[in-house]
2 protein chains.
Amino acid sequence: MSLQRSCAVCAVRASALCCTLPKEQLSRLNRITYQRRYDAGQFIMGTGQQQDWVATVLSGVVKLTKTMADGRQQIVGLLFAADFLGRPFASGSPYEAEAATAVELCCLERQSFEDLMLHHPDMRQLFLERTLNEVDAAREWMLLLGRKTAEEKVASLLLLMAQRVRSATADGSAPSPGLHCELPLSRTEMAEYLGLRVETVSRQIGRLRDAGVIDTENGRAIIVRDIGRLARTAAKEEG
Amino acid sequence: MSLQRSCAVCAVRASALCCTLPKEQLSRLNRITYQRRYDAGQFIMGTGQQQDWVATVLSGVVKLTKTMADGRQQIVGLLFAADFLGRPFASGSPYEAEAATAVELCCLERQSFEDLMLHHPDMRQLFLERTLNEVDAAREWMLLLGRKTAEEKVASLLLLMAQRVRSATADGSAPSPGLHCELPLSRTEMAEYLGLRVETVSRQIGRLRDAGVIDTENGRAIIVRDIGRLARTAAKEEG
DNA sequence: CGGCGTATTGACCACCCTCAACTGACGTGG
DNA sequence: CCACGTCAGTTGAGGGTGGTCAATACGCCG
């Protein structure tokens, strides 16, 4: 469960919260952090129970979900590499975290993290700004959930994923024939994120494929053929 | 538009962000803040444009909205007395703020606010914690928007309002016959908050009234007759 | 009284949900 | 090697919730 690697060669060192720490601090950071791996589908942290550690996502995708008593579930956020996971300044998390794909985390005790923030203004500042961005993202998604049609919802999600993947794989190789994109979510998870049912997601993806906007490969991959049309479908203006 | 009052007698002094400032700072704070009043329906701040000030809500209710190109609108947050309005560390706000009722704000320049946070760790900390709470609240609302039925949505909102009002008016007088609650939102605004249409909100309120859970008075007031049943209606478990 | 804006009510129907069957990929075991 | 089970995804038929459009009621104010 727990392995060791050096902060100096960390893949997300440049963009995670700890990018604000000076090099001299890295060896100390290395000592107080530890890594964890999860398989797709595994539970990471939950509501209710005491939660005494936080983490940075090293690789993979984490989904944050909220569940009602009768089982209805809503994904309320996705975390990618370099994103922060956990709820400082509270004893528990108000939602559950689960591995959507295989996930590597770089963990540390919540108390250590709070101490780090106390002594490193830059890091505290970055954390604050990222939290503000999370508020913005959550509210953007509220607009999607409350006002968009199924077609717009699906297009919006695919667009988001395509952008996420494009920025992640900064290869620059063969960009023209279509943007290839391996979705980190199953149809069921897409539905849970969009406030839809699986069948509706499947049908809308089918429609986008028939319209030539995207192609689907076996499994979870899609190829964006016409990103402009995808973007227009994501917020159709009455036409 | 701009009037002066002393921080020392401020109504939200005990709960706003500035409650973390020592008394010695109040006269200085008094000098750099100014007040503004808005009538119900007035625009406060918007997307796109440069936004160089932030504020604390002194009284009234502010709604934060997002609008799509074709006019579809979603309320993404409500601010009550002592809540903070504005988006520090960014040049503009990603959503519009509008007065839902008559509103009084205590404003200061964004730069001054950022400076204050820089020099007052307690205030910075409180701001961070409140921002984290905003994330939680937004995600809670995502669950409502994505998964709840119209009946549950309306009940959830009425419950929220009843609790807000109960805590605000800590009178303790005549609690038994029914919790009186003056809604700060029109039916249209309730619909915009819940991801519904006005007609649906109106019908669901009618059903709750017929069921004896609430009573309605002329205008926007409601009386909660059975808060337990209202809470159960807000998250029905398959019954 | 008439005009205006908000709330309510009614009739209709479309979008999405529900339930069900089917397909294809994958793994296991005979 | 194929039969079989499983699981994710797809497709189809039908129904219900909530949207749409229109008329009416109500409160407010000149």
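Keep in mind that the numbers below use all heavy atoms, side chains included, and drop hydrogens, waters and symmetry copies. Here is the naming used below: chain letters follow the sequence lines, and residue numbers restart at 1 for every chain.
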Do B/Glu199 and D/dC21 have a side chain to base donor-acceptor pair shorter than 3.5 Å?
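Side chain to base: pair present.
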Just call it for B/Leu196: base, sugar-phosphate, or nothing, with non-hydrogen atoms closer than 4.0 Å on any strand.
sugar-phosphate
Under 4.0 Å, counting only non-hydrogen atoms across every strand here, what does B/Gly41 touch: a base, just sugar-phosphate, or nothing?
nothing
Mind calculating the distance between [atom1] ([X]) and [atom2] ([N]) to the nearest angstrom?
X	N	atom1	atom2	value
B/Arg207	C/dT9	CZ	P	13 Å
A/Glu189	D/dC7	CD	C1'	14 Å
B/Arg220	C/dG5	CZ	C1'	11 Å
A/Met190	D/dG9	CE	P	9 Å
B/Glu151	D/dG18	CD	C1'	13 Å
A/Leu194	C/dC17	CG	P	10 Å
A/Arg72	C/dC17	CZ	C1'	13 Å
A/Arg187	D/dT10	CZ	C1'	9 Å

Please test B/Arg187 against B/Ser202 for side-chain hydrogen bond (donor to acceptor under 3.5 Å, both in side chains), starting from the C-alpha separation and ending with a verdict.
CA-CA 7 Å; B/Arg187 294 291 127 98; B/Ser202 186; 5.2 Å; no
Is the shortest side-chain N/O distance from B/Thr200 to OP1 or OP2 of D/dG19 below 4.0 Å?
yes
Taking 4.0 Å as the cut-off, does a side-chain nitrogen or oxygen of A/Arg203 come that near to OP1 or OP2 on C/dC16?
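Negative; the distance criterion is not met.
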Can you confirm whether the side chains of A/Thr149 and A/Glu152 place a donor and an acceptor under 3.5 Å from each other?
yes
Please check if the side chain of B/Trp53 supplies one atom and the backbone of B/Gly86 the other of a donor-acceptor pair under 3.5 Å.
no
Under a 4.0 Å threshold between the charged nitrogen and the carboxylate oxygen, would B/Arg225 count as salt-bridged to B/Asp215?
yes
Testing B/Leu230, B/Val154, B/Val224 one by one against B/Leu159 for a side-chain contact (heavy atoms from CB on, under 4.5 Å), which residue passes?
B/Leu230
Pick one: which of B/Thr56, B/Val54, B/Val103, B/Leu64 meets side-chain contact (heavy atoms from CB on, under 4.5 Å) with B/Leu85?
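Of B/Thr56, B/Val54, B/Val103, B/Leu64, side-chain contact (heavy atoms from CB on, under 4.5 Å) with B/Leu85 is met by B/Leu64 alone.
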Which nucleotide, [options], lies nearest any side-chain atom of [X]?
X	options	result
B/Arg209	C/dA7, D/dG18, C/dT9	C/dT9
B/Val198	C/dC16, D/dT10, C/dT8	C/dT8
B/Ser186	C/dA7, D/dG18, D/dG19	C/dA7

Estimated bend of the helix from C/dC1-D/dG30 to C/dG30-D/dC1 (axis per five terminal pairs, rounded to 10 degrees)
10°
Derivation and outcome, side-chain hydrogen bond (donor to acceptor under 3.5 Å, both in side chains), residues B/Ser91 and B/Gln50
CA-CA 6 Å; B/Ser91 60; B/Gln50 185 94 351; 4.5 Å; no
